[in-house]
Amino acid sequence: MPTNRTARRSSHPMTTKTEGRMTMADDTSTPYALADPEKLLQPSVLFIEDDPRIGAITSEILGEHYRVDWVTTGAEGRSRLFGMTYDAAIVDRRLPDADGLELVREARGSGITTPVLMLTALGSVDNIVEGLDYGANDYLTKPFHFEELEARLRALLRGYRAEQKSYDIGDWRLLPQSGMIESPDMRRVALTRAECTLLTTLCSSPQHVFSRAELLRLVFSESDTEGTIDTYVSYIRQKTTRHIIDTVRGHGYIIGEPRD
């Protein structure tokens, strides 16, 4: 499909989709997890766009270089943005059930720093300024050229990665903002938001032994059980190495220093 086409809002009726609930513990929630493991090495993009024509064409084109998660409503977008980790998000301003700007502002208020490109037909200077002030990193008006969309997305990811903080865990490297951890042989492993937050918390105080109660309060919820911590520690060890997190019997967990 040629990429020099411009995208316009379609007048076709919106197609319906069955909503599937994503949980942070579900590592197979991405369609690439089992079907195409190599795809996990590509940057992930959340695409929130209700127009079926624009959504389908854009997802297909971006899908050559990115893992695109396309949803059509603000509710689905919020669930993904708040429950999963993405390298970037493309958000339509006018959604059937929400204002994309409000979604971005809510995300920023909750500490979510995923870079956001606003996509909208509202192209006045006031609209652009409003979008940037609400927390968007860039703003692209419809109709747009796919070459420009891809160029802006690349620039967004370059700037974001330059600002990323990383943690060395022995021979492994945690990249919290992208939700990835690099193995000693430079293989990247995708983490769920909960797994990434748990590892980041342990890395923030490498000499501290965190009790399960502390980790419940800092990462999960005090209403959860302490067994939740053990479950997620097991998930992380299965994805990486057993010594990524050390158990201090009778006390809790401390970040490890695995040397493979």
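These numbers were taken from a predicted model, which means no experiment stands behind them.
I254 and L202 sit in two unconnected hydrophobic clusters of ILVMFWY residues. Membership requires side-chain heavy atoms under 4.5 Å apart, directly or through other members. The cluster map of Ile, Leu, Val, Met, Phe, Trp and Tyr, joined by side-chain heavy atoms under 4.5 Å apart, puts F82 and L95 in the same cluster. Residues Y167 and V209 are members of separate hydrophobic clusters, defined by side-chain heavy-atom contacts under 4.5 angstrom among Ile, Leu, Val, Met, Phe, Trp and Tyr. By the criterion of side-chain heavy atoms lying less than 4.5 angstrom apart, applied directly or through intervening Ile, Leu, Val, Met, Phe, Trp or Tyr residues, I244 is not grouped with V248; the two fall into different hydrophobic clusters.
In this structure E130 satisfies the salt bridge (charged side-chain N to carboxylate O under 4.0 Å, His left out) test together with R93, sequence neighbours excluded. Shown here are the salt bridge (charged side-chain N to carboxylate O under 4.0 Å, His left out) partners of D97, two or more places apart in sequence or in another chain: there are none. Here H243 pairs with nothing under the ring-ring contact (aromatic ring centres under 6.0 Å, His included) rule; sequence neighbours left out. Scanning for salt bridge (charged side-chain N to carboxylate O under 4.0 Å, His left out) contacts around R152 gives D138, E148, with sequence neighbours left out. S205 pairs by the side-chain hydrogen bond (donor to acceptor under 3.5 Å, both in side chains) definition with nothing, not counting sequence neighbours.
At a cut-off of 3.5 Å, with distance as the only test, a side-chain donor of Y253 or D230 sits close to an acceptor on the other residue. Side-chain contact of Y86 with D69: a donor-acceptor pair under 3.5 Å is present, judged by distance alone. No hydrogens or angles considered: nothing links the side chains of E106 and S110 as a donor-acceptor pair under 3.5 Å. Remark: the E76 side chain and the T73 side chain contain an N/O donor-acceptor pair separated by less than 3.5 Å. Judged purely by distance below 3.5 Å, without hydrogens or angles, the side chains of H208 and E214 pair a donor atom with an acceptor atom.
Checked for salt-bridge contact, K142 and E49 meet the test: a charged N lies under 4.0 Å from a carboxylate O.
Residues P176 and C196 approach most closely at O-SG, 3.4 Å, considering heavy atoms. For the residue pair I169 and I181, the shortest heavy atom distance occurs at CD1-CD1, 4.4 Å. When all heavy atoms of W70 and A56 are compared, the closest pair comes out as CH2-N, 3.6 Å. Between L81 and I112, the shortest heavy-atom distance links the atoms O-CD1, 3.6 Å. The shortest heavy-atom contact between A98 and G74 is CB-CA, 4.1 Å. Smallest separation of non-hydrogen atoms from V104 and A136: CG1-N, 3.8 Å.
The closest side-chain heavy-atom distance from Y232 to F220 is below 4.5 Å. Side chains of D171 and P258 form no contact here, defined as non-hydrogen atoms less than 4.5 Å apart. By the 4.5 Å heavy-atom criterion applied to side chains, M118 and Y134 are not counted as neighbours. Inter-residue side-chain proximity for L149 and L117 is flagged as met; some heavy-atom pair is nearer than 4.5 Å. Residues V45 and I90 have side chains in contact (heavy-atom distance under 4.5 Å, counting atoms from C-beta outward). Within the 4.5 Å cutoff, the side chain of D168 has no heavy atoms near those of the L174 side chain.
The one candidate from V116, L103, L119 that meets the side chain to side chain contact (heavy atoms under 4.5 Å, CB included) condition with I48 is L103. Exactly one of V233, T197, T228, L198 qualifies for a side chain to side chain contact (heavy atoms under 4.5 Å, CB included) with L215. That residue is L198.
The number of heavy atoms from other shown groups lying within 6.0 Å of CZ (R173) does not exceed 12.
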- Starting from the C-alpha separation in whole Å, work towards a yes-or-no answer on side-chain contact (heavy atoms from CB on, under 4.5 Å) for E150 and H65. CA-CA 10 Å; E150 291 179 299; H65 304 290; 4.3 Å; yes
- Task: Would you sort out whether T240 and S183 count as a side-chain contact (heavy atoms from CB on, under 4.5 Å), showing the intermediate values?
- Result: CA-CA 7 Å; T240 56; S183 68; over 6 Å; no
- Pair F210-H251, side-chain contact (heavy atoms from CB on, under 4.5 Å): steps then yes or no: CA-CA 7 Å; F210 288 84; H251 295 281; over 6 Å; no
- Query: Going through the checks in order, is the side-chain contact (heavy atoms from CB on, under 4.5 Å) test met by R80 and V71?
  - Reply: CA-CA 9 Å; R80 301 296 205 281; V71 298; 3.8 Å; yes
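Between the CZ atom of R94 and the CG atom of D51 there is a distance of 13.0 Å, given to the nearest 0.5 Å. In this structure, CZ on R108 lies 5.0 Å from CG on N137, to the nearest 0.5 angstrom. The distance from atom CD1 of I229 to atom CG of L218, rounded to the nearest 0.5 Å, is 9.0 Å. Atom CZ of F47 and atom OG of S59 lie 5.5 Å apart (nearest 0.5 Å). Between the CD atom in Q207 and the CD1 atom in I255 there is a gap of 11.5 Å [rounded to 0.5 Å]. To the nearest 0.5 Å, the span separating CG on D87 from OH on Y66 amounts to 9.5 Å.
Alongside M186, the hydrophobic cluster contains no other residue (criterion: ILVMFWY side chains under 4.5 Å).
At distances below 3.5 Å, at least one donor-acceptor pair connects side-chain atoms of E195 with backbone N or O atoms of T192. With S204 contributing its side chain and T201 its backbone, the two residues share a donor-acceptor pair below 3.5 Å.
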